[in-house]
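Contents: one structure, followed by commentary.
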Amino acid sequence: MIHLNKEQQQAVRHKDGPMLVLAGPGSGKTAVLTEHIRFLTQESGIDPASVLALTFSRKAAEEMRRRFLRTEGSAMVTFGTFHSVFYQILRQNRKAELITAQESVRLLTDIARLKGIDADPAWCYEMLQKISRYKNTGKAPAMQEEEKDLFLAVTEAYSVRMKNAGLIDYEDMILLCLELLRTCPDALCEVRARFRYILIDEFQDCNMPQYELLKLLGAGRGNLFAVGDDDQSIYAFRGADSGVVSRFLSNYPGCEVVYLIRNYRCSASVIHASDSLIKNNRLRVDKPAQLPSKYRGRGTVCVLKAKDAYAEAELVCAQLSRLLSEHQEESKSIAILYRTEQCADYLTEYLSARKVIRKSQRSRSFWDTEPVKEILAYLHLSQGHFLREYFYPVLNHPNRDLVRECIGEGLAGEEDALAYYRGDPVHEEALKQLFSDLSFVGEQPPYAAICYIFYRIGWLKDYEERCLQHAHTDPEGAEKLVQELCERARDFDSVQKLLDHAKKEGQQRVAASGTNTQDPIVMQTIHASKGLEYDAVFVIGLQEGILPHKRALSTEELEEERRLLYVAMTRAKSSLYLCERGSDGDGKRPSPFMKEIRLMRD
């Protein structure tokens, strides 16, 4: 067994019955999970095939599996996501074909027509998001009574249509499996007999249907090993319910509870400041304060006060320059975290102009992906940017059976392309339809334009098919892409402004890539930083209306915003810089969370 502290060893050596491991930031939860599986299968004689380890992303499941196999663990242990595992169980017992995004839009469009609704792709996408949230939480979106009645009617009709066609959507993988196991005793007995020990990583991210599935499978033996931290529950927009931790304690009153309170990541100052913040949440499980590791020093937490984004940029730039000059001989990771992408726009421009940014990773994993580049190519063409570099990615996505040679040198408009296929009516019609679609896209706001490309042009279905043909590692990537790209597009009022934003970030990355450095500066949203750690962290935009977000009005929403800041703060290993923005004079006040944070005194 690797070196573990007393609390970690207690969790690892647990065998039968329910256990809740409350694992704070940097407390070594992954090591506990993998060592617990090793203890069960190698020291306790448990059949490896009877152990199921669940998490929420394919990447996390694969990482856990690799770490376990490095301990000479058995490959018979099942590692997987909730959706992948329970979808397989569902398919073994009944027909369950996953609906495509394009088919979803077709069904909703037809339902809307029958109900007298003028539905475009944007309306369909919004409805799909609301239906997804409704299925995950069991709660209809906040809306007027008349609108709610219409939403419920559309949702019911959509579900009936899918059922009649033998189709299911992403949320149905869990809901229908839950229904199956509740109504089919033989199927339930078979799954229970197969998986006698169930481990759950990031337990706080469960939604209620997932939690009900766990309770159902754990009934009887009760061998549920849940590892998580309700203080780090930040995915309510996906249906996650931070209350599952409290429910676990209520549903299993005799369960063993272990608190992993030793923080091996953060310095004492960071722990003190973040703990003083999160204690203001009322809807949380009470737990001991985290303790710093003896291997971590006191560290630094600084508050940088700025009137606005411009002053904030100056302060951050000065502090970054100092940090980089002090650590020229050693590698030091630095992250700049923010609530929304737009919050960092001015800072990005400011740092790039002064050549402080040496290697920014801001949004690299998003804007530089091949699928996003294809959509941007469509948008460029819709604005009349008729360059070959934009034509090539879209000519046959979806397939139009067009050859690259139809695009000449330099600018290539519709007439040039049609000239290549003169006398070929099939390809002429395909080209005319392409340019007609581009013309329509160019007249739409960005959100509607992207929805049109996804659904009406058929790009999304084509992308899903390519994922399957090439054994794509993330089959849910298409739907996540839809959500992310459409959400970002909402922040721009024209296609050109969206393209300018993407270009600006691209130029920043090109400039950064030409600099050889060992001191990368990562710029990313707080949500994207979950699970990561850096030597120094800057949290910018701590202003009322930004963090907490202006849409966070209820107690539950405000507490999630506080958890979001807590997650951001605990990414810092040594130094933390909190950028308080705003002043009462101009009506933009600093984040109220700043009054709750207590700094460690000498």
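In what follows, residues are counted from 1 in the order of the sequence shown.
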Crowding at [atom1], [X] (>12 non-hydrogen neighbours, <6.0 Å):
X	atom1	value
D118	CG	no
Q144	CD	no
E62	CD	yes

How far apart are the closest heavy atoms of [X] and [Y], and which atoms are they?
X	Y	value
Y447	E126	OH-CG, 3.1 Å
R400	L395	NH1-O, 3.0 Å
A489	L498	CB-CD2, 4.4 Å
S233	D205	CA-OD1, 4.3 Å
A568	L337	O-CD1, 3.8 Å
T348	M523	OG1-CE, 3.3 Å

Item to check | Of Y170, F56, Y87, the residue whose pairing with F82 passes ring-ring contact (aromatic ring centres under 6.0 Å, His included) | outcome: F56
Donor-acceptor check, side chain of [X] to backbone of [Y], threshold 3.5 angstrom: yes or no?
X	Y	answer
E312	G541	yes
Q210	N207	yes
S494	K497	yes
H527	I234	yes
R354	Y350	yes
E560	A236	yes
S436	Q433	no
S333	D535	yes
E557	L553	yes

Working to the nearest 0.5 Å, report the span between [atom1] of [X] and [atom2] of [Y].
X	Y	atom1	atom2	result
I526	R339	CD1	CZ	7.0 Å
F86	L175	CZ	CG	12.0 Å
I99	I168	CD1	CD1	10.0 Å
L108	C124	CG	SG	5.0 Å
L438	L379	CG	CG	9.5 Å
Y158	I131	OH	CD1	6.0 Å

Parallel, tilted or perpendicular for [X] and [Y], by the 30°/60° rule?
X	Y	result
F391	F435	tilted
Y346	Y310	perpendicular
Y134	F151	perpendicular

Checklist entry - Is R571 close enough and on-axis enough to Y534, meaning under 6.0 Å and within 45°, for cation-pi? => result no
With a 4.5 Å heavy-atom cut-off, do [X] and [Y] have their side chains touching?
X	Y	value
R67	M64	no
Y338	T525	yes
D169	S104	no
F454	I375	yes
I546	S591	no
R133	K139	no
D172	K135	yes
L499	Q496	yes

Item to check | Verdict with supporting geometry, C343 and R581, side chain to side chain contact (heavy atoms under 4.5 Å, CB included) | outcome: CA-CA 11 Å; C343 181; R581 185 198 292 180; 3.8 Å; yes
Checklist entry - For Y421 and L402, what are the C-alpha separation, side-chain angles and deciding distance, and is it a side chain to side chain contact (heavy atoms under 4.5 Å, CB included)? => result CA-CA 9 Å; Y421 280 115; L402 300 173; 3.7 Å; yes
Next on the checklist: Suppose we screen for side chain to side chain donor-acceptor pair (under 3.5 Å). Which residues come up paired with Q543, at least two apart in sequence or across chains?
Outcome noted: none
Checklist entry - For S132 and E171, does a side-chain donor sit closer than 3.5 Å to a side-chain acceptor? => result yes
Checklist entry - Taking atom types as modelled, is there a side-chain donor on Y378 or D437 under 3.5 Å from an acceptor on the other? => result no
Using a strict cut-off of less than 4.0 Å between a Lys/Arg side-chain nitrogen and an Asp/Glu carboxylate oxygen, indicate whether [X] and [Y] qualify as a salt bridge.
X	Y	result
R161	E103	no
E147	K130	no
D110	R113	yes

Item to check | Derivation of the salt bridge (charged side-chain N to carboxylate O under 4.0 Å, His left out) call for E429 and K432 | outcome: CA-CA 5 Å; E429 183 59 32; K432 287 179 180 179; 5.3 Å; no
Checklist entry - Does the pair Q444 and Y452 meet the rule for a side chain to side chain contact (heavy atoms under 4.5 Å, CB included), with working shown? => result CA-CA 9 Å; Q444 307 305 308; Y452 187 88; 5.7 Å; no
Checklist entry - Can I407 and Y392 be said to form a side chain to side chain contact (heavy atoms under 4.5 Å, CB included), step by step? => result CA-CA 8 Å; I407 306 300; Y392 287 169; 4.3 Å; yes
